[in-house]
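These numbers were taken from a predicted model, which means no experiment stands behind them.
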Amino acid sequence: MIIPLTYIIIGATILVSVKALSDRSLQYRFMLIPSQMSGGNGMYRLFSHALVHADYFHLFFNMFALFMFGRNADAGGAGVEMNYALYFGVWKGALFYLLLYVGGIMVSAFPSYEKHKRNTGYMSLGASGAVSAVVFSYIVMDPLAGFGLLFIPVSIPAWIFGAAYLAYSWYRAGRSADHIDHYAHFWGSVYGLIFTILIRPSFAAEFVEAIGSYFGYGF
């Protein structure tokens, strides 16, 4: 029996995050701190920051979202990992899924790394960028899926949610003082969208066709 990659990622992230929450020195060593990464030192932080979280709620929210969109999606559907296996086969699908997640970590963190190289007060942590990549890969494959927020029983089409999320993340990235790395959310989402289309270009046409059908047009 093959253990799903989503479960492995969630398990590893929970183990490291819980350990780091009780050992702040470990959390500090894993965080993305651009000012301490000059000259190539500490570049591992571009990846390791996704294994630690600010608190248990931060950890739960990211891992719950990863489970829902990476594996489960909803009670009657399949998440990104399962869809990749259906489209590309088990092993190739697993490779693509791993590249989606790990690439999402790196790509979402790099703009903040470049922007804050000389900002000694900047630090970031959490898997939100990679999770955003997974969510947007799901949106590309099923743009008409109903999306909603936790505890709010109202859903909107996934593509509308995605557009609003991108706009909000970009807007907040330039103005926010809430200690959330909105740039990571934005670039992780963009990476997930582009990566998914690159591995199967026909997703783009199917995406446009689905949105056209939403407005009552056929292509």
I'd like to check [X] versus [Y] (side-chain heavy atoms, cut-off strictly below 4.5 Å). Are they in contact?
| X | Y | value |
| --- | --- | --- |
| M43 | Y113 | yes |
| R71 | L66 | no |
| K117 | S35 | no |

ask   = Between N83 and Y97, do the side chains contain an N or O donor and an N or O acceptor separated by less than 3.5 Å?
value =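 Side-chain D/A pair, N83 to Y97: absent.
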
task = Verify the distance criterion only: is there a donor paired with an acceptor across the side chains of Y165 and S132 at less than 3.5 Å?
result =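 Their side chains do contain a donor-acceptor pair, which is all the 3.5 Å distance test asks for.
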
ask   = Is L198 reachable from L95 through a run of hydrophobic residues whose side-chain heavy atoms are each under 4.5 Å from the next?
value =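 Yes: a chain of side-chain contacts under 4.5 Å links L95 to L198.
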
ask   = Side-chain heavy atoms under 4.5 angstrom apart, residues restricted to Ile, Leu, Val, Met, Phe, Trp, Tyr: same cluster for F64 and V135?
value =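 Yes, F64 and V135 fall within the same hydrophobic cluster.
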
inquiry  = In terms of relative ring orientation, are H53 and H58 parallel, tilted or perpendicular, with 30° and 60° separating the classes?
reply    =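 Perpendicular, since the angle between the ring planes exceeds 60°.
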
inquiry  = I'd like to know whether CZ of R118 has more than 12 heavy-atom contacts from other residues, nucleotides or ligands below 6.0 angstrom.
reply    =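 Not more than 12 within 6.0 Å, no.
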
inquiry  = How about NZ on K92, more than 12 heavy atoms from neighbouring residues, nucleotides or ligands closer than 6.0 Å, or not?
reply    =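 No, the 6.0 Å shell around NZ holds no more than 12 heavy atoms from other groups.
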
ask   = Atom CD in Q27, atom OG in S17: separation rounded to 0.5 Å?
value =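 OG of S17 is found 8.5 Å from CD of Q27.
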
Ring pair (Phe, Tyr, Trp, His ring centres under 6.0 Å) partners for [X], two or more places apart:
| X | result |
| --- | --- |
| Y28 | none |
| F195 | Y191 |
| H49 | none |

query = Centres of the F136 and W187 rings: under 6.0 Å?
reply =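 Judged by ring-centre distance (under 6.0 Å), F136 and W187 do not meet the cut-off.
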
ask   = Between Y84 and S137, is a side chain to side chain donor-acceptor pair (under 3.5 Å) present by the stated rule, with each step listed?
value = CA-CA 10 Å; Y84 277 19; S137 183; 2.8 Å; yes

query = Considering residues at least two apart in sequence or located in another chain, which fulfil the side-chain contact (heavy atoms from CB on, under 4.5 Å) criterion with I160?
reply =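 For I160 the side-chain contact (heavy atoms from CB on, under 4.5 Å) partners, ignoring immediate neighbours, are I156, P157, Y214.
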
message = Restricting to side-chain contact (heavy atoms from CB on, under 4.5 Å), what partner residues turn up for V16, sequence neighbours left out?
response =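 With neighbours one apart ignored, the set is F30, L51, V52.
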
Give every donor-acceptor pair under 3.5 Å between a side-chain atom in residues 99-111 and any protein atom, sequence neighbours left out.
residue	atom	partner	partner atom	Å
S108	OG	G104	O	2.6
S108	OG	I105	O	3.1

